[in-house]
Number of protein chains: 2
Amino acid sequence: MSGQQRLEGRRALLAEIRRAGRIPRIDLAERTGISRATVTTITADLLREGLIEEVARESGSRATGRGRPKVDLKIRGAARLIAGAKVSRQSVSMVLLDFEGTQLADLEVTLDRAVHAPEDFADMLGGCLDRLAASIGRQRSEISGFGVGIAGVVDAPRGFVYWSPSLDRRNIRLGPIMRDRIGMPVHVDNDANLVAVAEKSFGLGQDHSDFIVVTIEAGVGMGIVIGNELYRGTRGCGAEFGHTKVHLDGALCRCGQRGCLEAYVADYALLREATYAGGADYDLEGLLAAARAGEPLALSILQRAGRMFAMGLANLVNIFDPELIILAGEQMRFDHLYAEEVIAAMREQIVQVDRDPPEVVVHEWGDLMWARGAAGYALEQVSEAAVAGEDADAA
Amino acid sequence: MSGQQRLEGRRALLAEIRRAGRIPRIDLAERTGISRATVTTITADLLREGLIEEVARESGSRATGRGRPKVDLKIRGAARLIAGAKVSRQSVSMVLLDFEGTQLADLEVTLDRAVHAPEDFADMLGGCLDRLAASIGRQRSEISGFGVGIAGVVDAPRGFVYWSPSLDRRNIRLGPIMRDRIGMPVHVDNDANLVAVAEKSFGLGQDHSDFIVVTIEAGVGMGIVIGNELYRGTRGCGAEFGHTKVHLDGALCRCGQRGCLEAYVADYALLREATYAGGADYDLEGLLAAARAGEPLALSILQRAGRMFAMGLANLVNIFDPELIILAGEQMRFDHLYAEEVIAAMREQIVQVDRDPPEVVVHEWGDLMWARGAAGYALEQVSEAAVAGEDADAA
DNA sequence: GGAATAAATTTGTAAATCAAATTAAATCAG
DNA sequence: CTGATTTAATTTGATTTACAAATTTATTCC
């Protein structure tokens with residue numbers, strides 16, 4: 001339906017409309033550098049294909065002034081249905097988005113086991129998709145793409161999982177397996193990468209081209225955005241911030257190596273140290289409470305974790321020089337890592353030049369946001385397919 | 001002379017010709033996906049503009065077989081003249097390249113001072129350019145671009161120097177100042193970045209899209225190539241590998257901070273430790289010799305440096321997942337860092353998946369190669385200007 | 001010397017972009 | 001209420017561009 005040169009323009013315009021939310025044609029022409037004539041032609045195509053729609057002007061400039069009024073264009077939400085899932089040890093969180101990125105439904109499922117065979121994994125998620133779609137009166141077959149976030153080491157473009165704590169074997173072509181079983185394009189990625197996608201698509205990274213997201217859950221993860229694109233390393237094995245070494249021959253990590261950052265800041269690391277040194281049998285809440293109460297041992301443990309974390313962050317800054325670092329995590333229980341003194345310590349350890357250090361912001365959110373990141377990744381892919389004219393026709 | 005769409009094709013073809021060295025039109029069409037007709041048209045333009053030239057077939061397939069023989073195209077060296085300089089504490093190394101990247105002349109100048117006012121710095125280098133050009137019977141005014149590598153923190157796109165040990169003040173718009181004084185486009189960058197450019201343009205990185213170059217001189221530097229492009233960070237302050245922290249509150253570094261990698265592996269760090277611990281008044285050669293002779297103290301010092309270096313490298317791999325790491329340096333005196341056991345230690349500290357670890361190669365070279373990197377950077381810029389039709393006419 | 005082969009060029013056509021002209025939809029002035 | 005004014009959007013016509021197909025060119029083989 002559309003030639004080859006056209007693709008570039010279509011992509012640019014759809015991206016700009018998505019970025020802007022609502023925008024009239026004349027501004028599109030201005031911002032993309034594409035002539036008004038071509039903007040008219042291309043947007044007419046996109047309108048006919050149902051990917052965008054016209055809406056009455058409302059935002060901001062209400063008093064329009066004279067002249068023919070602008071007509072805003074926006075992404076047509078109903079154009080596609082997109083699903084995303086984040087799989088953790090005990091649960092699956094899912095969301096269903098429309099083509100605009102608006103959340104239509106969500107679902108939380110508790111798992112009876114943590115480790116799955118790939119086929120069972122696919123079927124289980126397929127079942128969840130059915131329920132998710134049914135909850136708003138739709139069908140699984142109406143969904144155009146499915147993004148899946150999973151812990152472990154993933155080569156996203158190939159959908160290949162080197163290793164994941166959720167799978168019972170290594171080196172699985174999970175993407176293709178799931179696509180065949182579920183009957184739609186499935187896009188798998190490391191969960192921390194998907195948080196970066198979520199921040200880029202829906203969150204604090206929308207206006208930044210280069211930033212880093214650090215996630216703290218059971219382990220420590222990272223996603224890197226360079227030049228508005230997620231950087232995944234040559235074969236998807238990068239961004240393993242948690243296994244960055246902060247001490248030569250240091251504390252033993254779950255991964256079997258020594259001195260990993262994770263071995264100083266993760267839950268199990270804190271508890272291990274508390275038990276080992278104090279004798280008192282803390283759980284995590286207890287340890288945090290004790291620290292808040294000023295108990296010296298607990299305080300010392302958390303402080304060391306904070307200093308190690310600051311050092312790891314400083315290394316990231318010294319290597320990447322990002323505009324922004326987003327610390328993303330669910331709980332208040334990582335207060336000790338997000339504390340102002342930790343950030344200050346980081347600032348002291350970066351290369352000093354006459355320039356503002358990178359902004360550091362804390363963004364707290366829950367499991368659903370991880371799932372939204374996964375859906376955001378699928379949305380990117382579906383959007384590209386749609387703009388390229390693979391007419392997986394509208395709903 | 002050429003429209004707007006054409007630019008993309010021109011760029012692609014010139015880049016492919018540069019990459020290939022010599023290549024017939026039909027292969028260009030195949031590799032770039034541009035039709036043979038268009039390849040003919042565009043290469044005809046480039047020929048007319050003098051940027052490329054036809055050469056008789058010779059390389060490889062001598063026995064041509066039947067049919068009209070292929071005619072190789074190559075970059076026309078005479079099209080432009082490009083200069084590059086690396087400024088160190090005591091000296092300046094310069095090279096003059098032709099448009100093909102062939103070295104036409106070089107120059108080494110000893111400096112009577114290490115720190116310069118920006119204007120003097122420009123004039124001094126301008127004088128060197130005169131001598132360099134004169135040495136092959138050309139004039140400064142015939143040079144189309146000048147790349148300058150300098151130690152310190154540089155924002156290359158702006159030509160802005162936050163700080164450099166070679167300049168007597170901070171925060172200088174060195175690029176524009178030099179352009180105005182020298183009368184040609186001047187492109188300034190951090191010297192370690194330029195080694196990465198040299199490897200990408202002329203060295204071991206030619207066939208890799210993502211790699212890291214680590215340089216060891218007095219300090220430790222790094223250049224990062226991502227997606228065939230040098231990554232410079234948001235404002236040019238990234239890639240400070242030497243000031244990556246490898247020990248919490250560790251050894252004191254020249255930069256005033258503690259625990260920097262540099263404070264464990266740089267010359268001064270080794271000597272400091274030897275003096276402090278041994279009493280014996282080593283110089284660097286003596287220390288290395290002692291280690292080779294099996295002297296325990298010397299051995300222990302170098303071994304620790306090696307282990308710290310391995311840890312730093314492992315962190316880079318865990319963050320970037322590059323295809324390739326190039327260790328670039330002048331002297332054999334860094335043998336202890338390039339040793340197989342150091343590389344092996346690095347391999348043990350990266351995240352383990354069923355995949356080959358990144359290749360690590362050692363590339364020894366001298367000061368002139370840094371200057372070639374600077375020239376390579378200028379060559380990129382001049383090449384872009386030429387292909388975009390800024391007819392800074394040929395020689 | 002002609003058939004065969006393969007590279008490179010030319011030719012004619014379809015696609016796409018853009019500037020300029022035109023149309024559309026509003027406000028404002030009297 | 002009517003016509004001038006203003007600005008957005010569309011249409012028109014010319015130009016650029018890329019390409020497939022046909023043709024030309026340069027070589028080897030028999």
Side-chain angles (χ1 to χ4, degrees), chain A residues 1-14 16-17 20 22-48 52-74 387-389, chain B residues 1-14 16-17 20 22-48 52-74 387-389:
Chain A
M1 184 128 294
S2 55
Q4 210 61 5
Q5 338 269 91
R6 191 104 310 179
L7 196 68
E8 207 170 328
R10 285 167 62 89
R11 232 192 302 254
L13 289 181
L14 198 70
E16 190 55 45
I17 294 171
R22 336 177 128 241
I23 184 173
R25 289 171 177 74
I26 193 165
D27 292 2
L28 277 176
E30 168 119 25
R31 292 201 204 170
T32 61
I34 295 171
S35 76
R36 294 183 320 198
T38 307
V39 168
T40 291
T41 325
I42 292 181
T43 53
D45 286 348
L46 295 174
L47 278 166
R48 189 163 24 74
I52 61 174
E53 61 191 352
E54 289 189 335
V55 286
R57 208 89 215 291
E58 51 163 332
S59 60
S61 48
R62 198 74 198 83
T64 36
R66 5 218 264 173
R68 179 174 176 172
K70 306 179 183 189
V71 179
D72 276 335
L73 298 172
K74 64 181 275 293
V387 84
Chain B
M1 186 129 293
S2 55
Q4 210 63 3
Q5 337 269 93
R6 191 116 289 193
L7 199 70
E8 206 170 329
R10 285 166 62 90
R11 232 192 299 255
L13 289 181
L14 199 70
E16 191 55 44
I17 294 171
R22 340 175 126 240
I23 184 172
R25 290 172 176 80
I26 193 163
D27 293 2
L28 277 176
E30 168 118 24
R31 293 201 205 170
T32 59
I34 296 171
S35 76
R36 292 178 325 190
T38 307
V39 168
T40 291
T41 327
I42 293 181
T43 53
D45 286 349
L46 295 175
L47 279 167
R48 190 164 24 72
I52 62 174
E53 61 192 352
E54 290 189 336
V55 286
R57 208 88 214 292
E58 51 161 334
S59 60
S61 49
R62 198 74 197 81
T64 37
R66 3 219 264 175
R68 179 173 177 170
K70 305 177 182 189
V71 178
D72 277 335
L73 298 172
K74 63 182 275 292
V387 85

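Letters go in sequence order (proteins before strands), and every chain restarts at 1.
Considering only side-chain atoms of A:Thr38, the nucleotide from C:dC18, C:dA8, D:dA18 that sits closest is C:dC18. Relative to the side chain of B:Ile34, the nucleotides D:dC19, D:dA26, D:dA9 differ in distance, and D:dC19 lies closest. For B:Ala37, the side-chain atoms get nearest to D:dC19 when compared with the rest of C:dC28, D:dC19, C:dA7. Closest to the side chain of A:Pro69, out of D:dC29, C:dA7, C:dA25, is C:dA25. The side chain of B:Arg36 lies closest to C:dA8 when the candidates are D:dA21, C:dA8, C:dC18. Among D:dT12, C:dT9, D:dA18, the nucleotide with an atom closest to any side-chain atom of B:Thr40 is C:dT9. Here the nucleotide nearest the side chain of B:Ile26, chosen from D:dA18, D:dA9, C:dA8, is C:dA8. Here D:dA9 is the nucleotide among C:dA16, D:dA9, D:dA20 with the atom lying nearest to any side-chain atom of A:Arg25.
In this structure, A:Arg31 CZ and A:Leu13 CG are separated by 12.0 Å, a value rounded to the nearest 0.5 Å. For the atom pair A:Leu73 CG and A:Leu46 CG, the distance stands at 9.0 Å (nearest 0.5 Å).
One interatomic measurement links the two molecules: CG of B:Leu28 to P of D:dA18, which rounds to 15 Å at whole-angstrom precision. Summarising the geometry, the separation between CG on A:Leu7 and C1' on D:dA18 is reported as 16 Å, rounded to the nearest angstrom. Distance CD (B:Glu8) to P (D:dA18): 9 Å, rounded to an integer number of Å. The nearest whole Å value for the distance from the CG atom in A:Asp27 to the C1' atom in D:dA8 is 10 Å. At whole-Å resolution of the value, CG in A:Leu13 and P in C:dC18 are 10 Å apart. Whole-Å rounding puts the A:Ile42 CD1 to D:dA9 C1' distance at 15 Å. One interatomic measurement links the two molecules: NZ of B:Lys70 to P of D:dT28, which rounds to 15 Å at whole-angstrom precision. When the P atom of C:dA25 is taken as reference, atom CD of A:Glu54 falls 11 Å away, rounded to whole Å.
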- Stepwise side-chain contact (heavy atoms from CB on, under 4.5 Å) check, B:Arg10 with B:Leu14: CA-CA 6 Å; B:Arg10 285 166 62 90; B:Leu14 199 70; over 6 Å; no

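Considering only heavy atoms from C-beta on, B:Pro24 comes within 4.5 Å of B:Asp72 through its side chain. Between B:Arg36 and B:Arg25 there is no side-chain heavy-atom pair separated by less than 4.5 Å.
A:Val39 comes within 4.0 angstrom of no nucleic acid atom, judged by non-hydrogen atoms across all strands.
Residues B:Arg22 and B:Glu54 are not paired through a salt bridge, judged by the lack of any N-O separation under 4.0 Å between the basic side chain and the carboxylate.
Between the side chains of A:Thr38 and A:Ser35, a donor-acceptor pair is found at a separation under 3.5 Å.
In terms of heavy atoms, B:Thr41 sits closest to B:Arg6 at CG2-NH1, 3.6 Å.
Toward the 5' end of DNA chain C, the nearer of the two residues A:Gly33 and A:Gly67, judged by each one's closest nucleotide, is A:Gly33. A residue-by-residue look at A:Thr41 and A:Arg68 shows that A:Arg68 has its nearest nucleotide of DNA chain D further toward the 5' end.
Each end of the helix from C:dG1-D:dC30 to C:dG30-D:dC1 gets its own axis from five base pairs, and the two axes differ in direction by 10°, given to 10 degrees.
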